[in-house]
J.: 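Handing you a structure now.
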Number of protein chains: 2
Amino acid sequence: MTTLSPAVEDYLKAIYEIQSEGDQDRVSTSALADCLGVARASVTGMLKKLNAMDPKLVNYIRYRGVQLTPAGEKIALEVLRHHRLIELYLSEALGYSWDEVHQEADNLEHVISEDLEDRIATLLGHPQVDPHGAPIPDRDGNISRREEVQLTQLGIHQPAHISRVSDHDPAMLRYLQELGLTLNAQIEVTEKAPFSGPLHIRLIGTEIVHALGRQVADYIFVTLGSTGRKKS
Amino acid sequence: MTTLSPAVEDYLKAIYEIQSEGDQDRVSTSALADCLGVARASVTGMLKKLNAMDPKLVNYIRYRGVQLTPAGEKIALEVLRHHRLIELYLSEALGYSWDEVHQEADNLEHVISEDLEDRIATLLGHPQVDPHGAPIPDRDGNISRREEVQLTQLGIHQPAHISRVSDHDPAMLRYLQELGLTLNAQIEVTEKAPFSGPLHIRLIGTEIVHALGRQVADYIFVTLGSTGRKKS
DNA sequence: GGACCTAGTTAGGCCAAACTAATTCAAGAG
DNA sequence: CTCTTGAATTAGTTTGGCCTAACTAGGTCC
Ligand SMILES: [Mn+2]
Ligand SMILES: [Mn+2]
Ligand SMILES: [Mn+2]
Ligand SMILES: [Mn+2]
C-alpha cells in the first residue's frame, strides 16, 4: 500500500462526488476534466493508470467512462472524511466562515495523518456533517445517506429546511449567507417563475422573501419539514 | 512568484538549518543529501536549479557548497515559521507531545495558507518559541538569536536551563521527557567523564542526577542562569 | 611528485502528471 | 444506412524530482 499521490486522491474524490450527485453511475472523461481543471487527455491517461493499479481503483472502459471499485470508493471516502473534518475544524476552532474553508481543506486533506484525523474527530465530538451540510464518512467509510431534494424540486408551500449547500463557489456562499439562507434555515417556495425563472423563497416565520436564480437554487438541497431542533 | 514546490522549500529550509547550527557558512552537498535523505547527485541537480532561478535563491559554486541568498533565506524563514507554529499549535491545541509534532509539521508546513498561518499565530498569542525551544520567525522573517551553548560546552557547576532541544529524533525526545530533561529544566553539570564519556547532569533543587551520553548531550542547548520565571 | 581516497559532479534514465495536436469513435440526424 | 459532430483517445513533449554508474577535482600521505 504505497502511499497515494495527491493527484490520485483528487481524481478518486472527484469521481465519487460526480457519481453521487449525478444520476448515471458512470462518470465521463470531460466531467472529470472540468471538475479537476485539467485537459481531457490528462484524464484519460490517469484513468488508465487507476484502472491498471493493483488493487484496481477504478473500472474504466474506453469511451464509456469510469466507476469506482470498492477499493477506490474506500479511498475516496477516506479523502472526503479528511476534507470535511478539516472544513468543520477550521470553522469551529479557527473561526473560518463557510466560504473560506473549502480551499484550505482541499490542500490539507492529502497531508494529515490518521492520527491527526482522529484527534480532530474526537475534539469535534465525532460530528456527522460539515459546515455545508455534507455528511462526514466515519472511519470505516460508512456515510449516512439522507433524503434530500434539490430546492428546485421542492413543491410550492412545502415547508422544508436547507440541509446542504455546494461548497465549490465561495462567492455564492457569501451571497447566501447575506440573505440568511444558511444551514437549517426554514423555508418554503412561494412562487416559481416559468421558463427557468427565479424561485421565490420565504424564510418561515418572517415576511422575508428572496428571489433566487435557478443556478443558485440548483446548488441548494433541502429536507422536508423542520430540522428536528425546536427553534430558539 | 510562481508557488514553490515542497521539494524546493525543504531544500532551502535544510540549507538554513545546517548553516545556522554549523560553524562554516557554506553548506556541503553531502550534508544536504544526508539531511534530506536523497542521493548526492540529486542535490547537485537541485542546487543548480536554485542557483539559476530568478530571483536567485542560492549562491552555489561547484565543489564549494551553497549559501542562501537573501531571497532564499526569506523563503527558508517563511517555511520555518510555518513548521514551528504548526508544531506549537499541535501541542497546544491538539494534545500532541513534543516527540510527535515534528513529522506532522513537516508535511503541513508546505500546505497551509498565509491566512491559516496568521490565525494560528494569533490564536497562540504570537509565540516566540516552538515546543523544542526553537525561535519562531515573525511574519517579516526576523528571528531572535539567543546566546545558547551546547550542553557539552557547559562548565562544571554552572547553573543553566535547557533552552532548546533538537526535534529530529522522537525516540530521544521521549527519553529526555522520561528523565525530566524538558524545556526550561534547571540543571548543572556535576561531572564530565573524559574521552567523550557521559555527562552527569543534576536537576537543580533535587538530588536527581542522570548520566547522559555525548551524542544525546550534543542535541541539547542551554542558556546560563535560570529561565527568568520564578519557580512555582 | 605520484598514488589514492573521498566528496562532488556529469551522464543517462525513470516515473508521475501535466500539456497540445492529431486522430478515432459513438451516436444521433437526416 | 451514411454523415456529421462532439467526446474521447493516442501520440508525442515537457517539467520536476529523483535514481545509479561512471568520472573528476583536490587534498593526504609517502
Ligand atoms: Mn485536494
Ligand atoms: Mn484518514
Ligand atoms: Mn517538509
Ligand atoms: Mn507564511
Side-chain angles (χ1 to χ4, degrees), chain A residues 1-15 18-19 22-54 56-67 72 75 79 106-107 109-111, chain B residues 1-15 18-19 22-54 56-67 72 75 79 106-107 109-111:
Chain A
M1 183 58 74
T2 41
T3 185
L4 298 164
S5 68
V8 167
E9 292 186 348
D10 277 337
Y11 273 88
L12 295 173
K13 189 180 67 161
I15 295 168
I18 296 170
Q19 198 168 32
D23 6 272
Q24 56 245 15
D25 50 347
R26 297 208 144 257
V27 174
S28 73
T29 301
S30 341
L32 269 173
D34 291 351
C35 175
L36 293 164
V38 301
R40 295 173 212 285
S42 312
V43 173
T44 301
M46 178 61 97
L47 292 183
K48 281 187 190 172
K49 205 163 36 185
L50 296 177
N51 192 62
M53 276 184 171
D54 184 33
K56 208 166 177 301
L57 300 181
V58 122
N59 205 304
Y60 165 63
I61 306 173
R62 264 154 94 253
Y63 295 104
R64 289 273 135 80
V66 263
Q67 273 180 320
I75 294 162
V79 179
D106 236 342
N107 301 324
E109 66 192 0
H110 310 290
V111 143
Chain B
M1 182 62 71
T2 41
T3 185
L4 298 165
S5 69
V8 167
E9 293 187 347
D10 277 337
Y11 273 87
L12 295 173
K13 189 180 66 160
I15 295 169
I18 296 170
Q19 196 167 31
D23 7 273
Q24 55 245 16
D25 51 346
R26 298 208 142 257
V27 174
S28 73
T29 301
S30 346
L32 270 172
D34 291 350
C35 175
L36 293 164
V38 301
R40 296 175 211 286
S42 311
V43 173
T44 301
M46 178 62 95
L47 292 184
K48 281 188 190 172
K49 205 161 36 186
L50 296 177
N51 192 63
M53 275 184 172
D54 183 35
K56 209 165 177 300
L57 299 181
V58 123
N59 205 304
Y60 165 64
I61 306 173
R62 265 153 93 252
Y63 294 104
R64 289 270 134 83
V66 262
Q67 273 181 321
I75 294 163
V79 178
D106 235 345
N107 300 325
E109 64 192 1
H110 310 291
V111 143

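By convention in this document, chain letters (A, B, ...) are assigned in the order of the sequence lines, proteins followed by strands, and residues within each chain are numbered from 1. Keep in mind that what you see is a predicted model, and the values were worked out from it rather than measured.
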J.: Separation of A:L36 atom CG from C:dA18 atom P, in whole Å?
T.: 8 Å
J.: Considering only C:dA26, D:dT24, D:dG16, which nucleotide approaches the side chain of A:Y63 most closely?
T.: C:dA26
J.: Let me know the distance between CD1 of B:I61 and C1' of D:dG26, rounded to the nearest Å.
T.: 16 Å
J.: At under 4.0 Å, does any side-chain N or O of B:Y11 touch on OP1 or OP2 of D:dC18?
T.: yes
J.: Find out whether B:V79 and B:L12 are in side-chain contact, i.e. whether some heavy atom of one side chain is under 4.5 Å from a heavy atom of the other.
T.: no
J.: Do B:D106 and B:K13 have side-chain heavy atoms sitting under 4.5 Å apart?
T.: yes
J.: Consider the side chain of A:V8, meaning its heavy atoms from C-beta on, and name the nucleotide among C:dA17, C:dT20, C:dT10 that approaches it most closely.
T.: C:dA17
J.: With a 4.0 Å cut-off on heavy atoms, is A:A7 in touch with a base, just the backbone sugar-phosphate, or nothing at all?
T.: sugar-phosphate
J.: Whole-Å distance between C:dA16 C1' and A:L47 CG?
T.: 15 Å
J.: Nearest to the side chain of A:S5, which nucleotide is it out of C:dA11, C:dA16, C:dA21?
T.: C:dA16
J.: To the nearest angstrom, how far is B:M53 atom CE from D:dG17 atom C1'?
T.: 12 Å
J.: In terms of side-chain heavy atoms of A:V38, which of C:dA11, D:dG17, C:dC19 is nearest?
T.: C:dC19
J.: Would one find a side-chain N or O of A:S42 under 4.0 angstrom from OP1 or OP2 of C:dC19?
T.: yes
J.: What's the CG-P distance between A:D10 and C:dA16, to the nearest Å?
T.: 17 Å
J.: Give a yes/no on whether any side-chain N or O of A:Y60 is located under 4.0 angstrom from OP1 or OP2 of D:dT9.
T.: yes
J.: Check whether any side-chain heavy atom of A:V38 sits under 4.5 Å from a side-chain heavy atom of A:Y11, and report yes or no.
T.: yes
J.: Would a 4.5 Å heavy-atom cut-off, applied to side chains only, mark B:V8 and B:M46 as touching?
T.: yes
J.: Counting only side-chain N and O atoms of B:T44, is one of them less than 4.0 Å from OP1 or OP2 of C:dT10?
T.: no
J.: Does C:dA17 have OP1 or OP2 sitting under 4.0 Å from an N or O in the side chain of A:K49?
T.: yes
J.: Reckon B:S28 has a side-chain N or O less than 4.0 Å from the OP1 or OP2 of C:dA7?
T.: no
J.: Give a yes/no answer on whether the side chain of A:T29 brings an N or O atom under 4.0 Å of OP1 or OP2 in D:dA7.
T.: no
J.: Taking any heavy-atom pair under 4.0 Å as a contact, classify A:R62: base, sugar-phosphate, or nothing.
T.: sugar-phosphate
J.: In terms of the nearest nucleotide of DNA chain C, which residue is placed more toward the 5' end: B:G45 or A:P6?
T.: B:G45
J.: Check whether any side-chain heavy atom of B:V66 sits under 4.5 Å from a side-chain heavy atom of B:I18, and report yes or no.
T.: no
J.: Please check if the side chain of A:Q67 supplies one atom and the backbone of A:R26 the other of a donor-acceptor pair under 3.5 Å.
T.: no
J.: Taking only N and O in the side chain of A:K48, is any of them less than 4.0 Å away from OP1 or OP2 of D:dT10?
T.: yes
J.: Rounded to the Å, how far apart are A:R40 CZ and C:dC25 C1'?
T.: 15 Å
J.: Rounded to whole Å, how long is the line connecting atom CG of B:N51 with atom P of C:dT9?
T.: 11 Å
J.: Using a heavy-atom cut-off of under 4.0 Å over every strand shown, decide if B:R64 touches base, sugar-phosphate, or nothing.
T.: nothing
J.: Round to a whole Å and report the spacing from CG of A:L50 to P of C:dC15.
T.: 17 Å
